[in-house]
Amino acid sequence: MLKSRQDLIEYRRIAKEAYELQTEKVIVCGGTGCVAGGSLKVFDRLRELMKEAGIPVEVELQAEPHDHTVGLKKSGCHGFCEMGPLVRIDPQGWLYTKVQLSDCEEIVEETVKNGRYIDRLAYHKMGEICRRQEDIPFYKQQNRVVLEHCGHIDATAIREYIALDGYTAFEKALFDMTGDEVIDEISRSGLRGRGGGGFPTGRKWAQVKRQKEPQKYVVCNGDEGDPGAFMDRSVMEGDPNRMIEGMMIAACACGASEGYIYVRAEYPLAVERLRNAIAQAEELGLLGDNILGTEFSFHMHINRGAGAFVCGEGSALTASIEGKRGFPRVKPPRTVEHGLFDKPTVLNNVETYANVPSIINRGADWFTSIGTEKSPGTKAFALTGNINNTGLIEVPMGTTLRQIIFDIGGGMRGDGEFKAVQIGGPSGACLTKEHLDLPLDFDNLKHAHAMIGSGGLVVMDDHTCMVEVARFFMNFTKNESCGKCVPCREGNKRMLEILERIVAGEGRDGDIELLQELAETISATALCGLGKTAASPVVSTIRNFRSEYEAHIYEKRCPAGACQKLKKISIDPTLCKGCSKCARQCPVSAISGKIKEPFSIDLSKCIRCGSCVSTCPFHAIKEG
């Protein structure tokens, strides 16, 4: 138990010495993606083989300095999900990709024992081998601040976090700064909320500190419900102590004594790592009463959400923590005045809190030197879709879409051309080719009628139907509406019905104008952020791809060839040999004809399943 500042300093010194005595480190990715690919089995096998070979191996950093050993660690997400499971070798900085159980013996024999690199496990680009992780184009153009430790340290050990100067920012805030000084530093840094709204963090903290109410709360929004987004999950899994330290600094600055982390139930690994980190901090005396011998007390709790997207909204989230149904409420009053349990509440998301320790340690001037003038710092994005390199990235604010998609993401997958990217999830909008050189920050995206949101980037190629994209997101928001207000509950349902008609080939003249009218009404009258932005994907796809809507409605044609019910299937009589395989395969008996004569398709019966196309041995059946 650490009872004073000096105890923490001494603990850090010993932990740092023990960490440095691990002369070689084998770091196995323990993020959700790699775990699904079998990385934990790789970890166990490496441990077994090292012990059999008599190699001194440590899975956990020891409490006291000791002889030189090999550190075998389970880290958080390395980010390069496309190439997992991943294994990093330090101090060389080597990265092995797509590691399988069968590769473990070679890794121990060649790399651990003899220090040799295994070329076949390297990342290959255009025939070139990238041995070091930092030389891989995916990582080379990133600036990892929040993700600094993800993929580099044991995600389950607070001792290792402290060895790398963890909790020095909290120590500084607790002993060397007043609450006003902490808030001033955060304000001068220009840190804006990374959950989507971009509200100045320092201003929010100052508003809570001003409240006369003695009981205050610090809440972390780890709900992250956007399809394709996993930034917050990766931080909670890979570096939970950084986020917790940020919350502790916020509590110290604002005078809060209780903290709550709201996490999706679908994130079991994140919940496990957070519980472990909190328990270890409590055991050390970094959480609890009279922390490090001061009058400051802070207790942390974890609440698991049931997966309702609307609970990402502040007032719905706090209602859910209180055990109520996750309904948003009318504002004002704001959360900073009447939040959790009707008390003043600081509410930020995971990435926002994870930025705080670095700002306190390195200063506001350092933070403002990264990014743009009005959007300083970095932003983590989840890069998914029709792109070569999917995964988790972190880049300075102001990085262009072109740099992210083509330099970091490696360009489009297959033979497709870039068409659009959905940014900001269901509340966001589509950016197109004309936006490729747009710097991604809060203000530029606002001018482009889009938003950063939590940071999901879904990349789409020219085989993607934008009307179907709008239908998909509208279906999502319709299902996730809490139902409290009529505009969102009924309006989204009506918009979805129209979109479903259009993609089914039953669109009518005036549908586009009706969608725009409904979108404007819902956005103006809905109660919370979910309803106000629910129509954004529809509005942005109409704005940028109106011709696709018109083709669906007036020509009964999907330009991308993606809408199943608008596909035209035909039999080329010059190629058809009359073998009847297609007729026998058709589930609705839409194909008929005589043997050894060309067959025909009754399009009124055809369900466009495509089974006949794949069955025909003569490629006589065309789909388009």
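Side chains are part of it too, since the values below use all heavy atoms of this structure and drop only hydrogens, waters and symmetry mates.
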(message) Looking at N349 and T352, would you say the former's side chain and the latter's main chain have a donor-acceptor pair under 3.5 Å?
(response) yes

(message) Looking at every non-hydrogen atom in both residues, tell me the closest pair between D223 and C311 and how far apart they are.
(response) OD2-C, 3.9 Å

(message) Can a donor-acceptor pair be found, under 3.5 Å and without considering hydrogens, that links the side chain of N389 to the backbone of E82?
(response) no

(message) Under a 4.0 Å threshold between the charged nitrogen and the carboxylate oxygen, would K98 count as salt-bridged to D103?
(response) no

(message) Pair N303, I261 - check side-chain contact (heavy atoms from CB on, under 4.5 Å), show working.
(response) CA-CA 6 Å; N303 278 74; I261 306 171; over 6 Å; no

(request) Using a strict 4.0 Å threshold on nitrogen-to-oxygen distance, state whether E266 and R233 make a salt bridge. (result) no

(message) With heavy-atom distances below 4.5 Å as the criterion, would you say the side chains of H78 and R88 are in contact?
(response) yes

(request) Report yes or no: do Y11 and R159 form a side-chain donor-acceptor pair below 3.5 Å? (result) yes

(request) Taking atom types as modelled, find out whether S75 and D154 have a side-chain donor-acceptor pair closer than 3.5 angstrom. (result) no

(message) Taking side chain to side chain contact (heavy atoms under 4.5 Å, CB included) as the criterion, tell me which of Q280, R13, R12 meets it with I162.
(response) R12

(message) I'd like to check the side chain to side chain donor-acceptor pair (under 3.5 Å) partners of T32; sequence neighbours left out, ordered by chain and number.
(response) E237

(request) Would you name the heavy atoms of I360 and K172 that are closest together and state the gap between them? (result) O-NZ, 3.0 Å

(message) Donor-acceptor check, side chain of E313 to backbone of L530, threshold 3.5 angstrom: yes or no?
(response) no

(message) F170: which residues meet the ring-ring contact (aromatic ring centres under 6.0 Å, His included) condition with it, sequence neighbours left out?
(response) none

(message) Tell me whether E394 contacts the main-chain N or O of V145 through its side chain, where contact means a donor paired with an acceptor under 3.5 Å.
(response) yes

(request) With salt bridge (charged side-chain N to carboxylate O under 4.0 Å, His left out) as the test, would you mind laying out the steps for D176 and R5 before giving the verdict? (result) CA-CA 11 Å; D176 299 334; R5 182 181 195 177; 2.8 Å; yes

(message) Show the nearest heavy-atom pair for residues L436 and T400, with the distance to one decimal.
(response) O-CB, 3.6 Å

(message) Assess whether a salt bridge exists between R144 and E134, defined as any Lys/Arg side-chain N lying under 4.0 Å from an Asp/Glu carboxylate O.
(response) no

(request) May I ask you to test the F473-V469 pair for a side-chain heavy-atom distance under 4.5 Å? (result) yes

(message) Between H435 and T432 (side chain of the first, backbone of the second, donor and acceptor by atom type, cut-off under 3.5 Å), is there such a pair?
(response) yes

(request) Flag the pair I302 / Y262 as yes when at least one side-chain heavy-atom distance between them is below 4.5 Å, and no otherwise. (result) no

(request) Check the side chains of Y96 and T111 for a donor-acceptor pair under 3.5 angstrom, ignoring hydrogens and angles. (result) yes

(message) For G410, is there any backbone N or O sitting under 3.5 Å from a side-chain donor or acceptor partner on N388?
(response) yes

(message) Do Q403 and Q141 pair up side chain to side chain, a donor and an acceptor below 3.5 Å, judged on atom types alone?
(response) no

(request) Working to the nearest 0.5 Å, report the span between CD of Q422 and OG1 of T464. (result) 11.5 Å

Let me check something: any side-chain donor-acceptor pairs from residues 182-190 under 3.5 Å, sequence neighbours excluded? List them with distances.
residue: E185; atom: OE1; partner: R188; partner atom: NH2; Å: 3.1
residue: E185; atom: OE2; partner: R188; partner atom: NH2; Å: 3.3
residue: E185; atom: OE2; partner: A364; partner atom: N; Å: 2.8
residue: S187; atom: OG; partner: I183; partner atom: O; Å: 2.9
residue: S189; atom: OG; partner: I186; partner atom: O; Å: 2.6
residue: S189; atom: OG; partner: L191; partner atom: N; Å: 3.2

(message) For a side-chain contact (heavy atoms from CB on, under 4.5 Å) check, start with the C-alpha distance between T384 and L457, then their side-chain angles and the critical distance, and finish with the verdict.
(response) CA-CA 6 Å; T384 60; L457 286 174; over 6 Å; no

(message) Do M451 and I423 make a side-chain contact, defined as non-hydrogen atoms from C-beta onward lying under 4.5 Å apart?
(response) no

(message) How long is the straight-line distance from CE of M397 back to CG of L445, given to the nearest 0.5 Å?
(response) 9.0 Å

(request) Locate the shortest heavy-atom distance separating D415 from H463; write the atom from each residue and the value. (result) OD1-NE2, 3.5 Å

(message) Looking at every heavy atom in both L286 and I291, which two are closest together, and how far apart are they?
(response) O-CD1, 3.3 Å

(message) Looking only at side-chain N and O atoms, does S358 offer a donor or acceptor that is under 3.5 Å from a partner on N361?
(response) no

(message) In the structure I gave you, are the side-chain heavy atoms of N348 and K204 within less than 4.5 Å of one another anywhere?
(response) yes

(request) State which residues pass side chain to side chain contact (heavy atoms under 4.5 Å, CB included) with E20; sequence neighbours excluded, sorted by chain then number. (result) K16

(message) As an exercise, state the distance from CG of L121 to CD of E110, rounded to the nearest 0.5 Å.
(response) 10.5 Å

(message) Could you check whether any side-chain N or O of N276 sits under 3.5 Å from a backbone N or O of T156, counting only pairs where one atom can act as donor and the other as acceptor?
(response) yes

(request) Determine whether the side chains of Q92 and R132 contain a donor N or O and an acceptor N or O closer than 3.5 Å. (result) no

(request) Find the distance between CE (M243) and OH (Y353) and round it off to the nearest 0.5 Å. (result) 9.0 Å

(request) List the steps, then state whether side-chain contact (heavy atoms from CB on, under 4.5 Å) holds for L438 with L401. (result) CA-CA 6 Å; L438 178 76; L401 204 55; 5.9 Å; no

(request) Check for a donor-acceptor pair, side chain of T533 on one end and backbone N or O of S536 on the other, with a separation under 3.5 Å. (result) no

(request) Would you check if V235 and R242 make a side-chain contact, meaning some heavy-atom pair closer than 4.5 Å? (result) no

(message) Is it the case that the side chain of E224 and the backbone of M231 share a donor-acceptor pair, with hydrogens and angles ignored and the cut-off at 3.5 Å?
(response) yes

(request) Indicate whether the side chain of T390 and that of R413 have a donor and an acceptor atom separated by less than 3.5 Å. (result) no

(message) Does anything in residues 362-373 form a side-chain hydrogen bond (donor to acceptor under 3.5 Å, both in side chains)? List the pairs, not counting sequence neighbours.
(response) T372-D441

(message) Distance check, rounded to the nearest 0.5 Å: N544 atom CG versus L431 atom CG?
(response) 8.0 Å

(message) Are F138 and Y123 an aromatic pair, judged by ring center distance below 6.0 Å?
(response) no

(request) Look up atom NE2 in H152 and atom CG in L147, then write down how far apart they are to the nearest 0.5 Å. (result) 9.5 Å

(message) Quick check: do I452 and K379 have side-chain heavy atoms less than 4.5 Å from each other?
(response) yes

(message) Within the 4.5 Å heavy-atom criterion, are T345 and V336 side-chain neighbours or not?
(response) no

(request) List in chain and number order the residues that pass side chain to side chain contact (heavy atoms under 4.5 Å, CB included) with D437, two or more places apart in sequence or in another chain; answer none if no residue qualifies. (result) R402

(message) Any side-chain to backbone donor/acceptor pair from S540 onto C430? Under 3.5 Å, distance only.
(response) yes

(request) Return the minimal non-hydrogen interatomic distance between I27 and G151, and the atom names on each side. (result) CG2-O, 3.6 Å

(message) I'd like to know if K73 pairs up with E58 as an ion pair, taking the criterion as any Lys NZ or Arg NE/NH1/NH2 lying under 4.0 Å from an Asp or Glu carboxylate oxygen.
(response) no

(request) On the 0 to 90° scale, with breaks at 30° and 60°, tag the W94-Y117 ring pair as parallel, tilted or perpendicular. (result) perpendicular

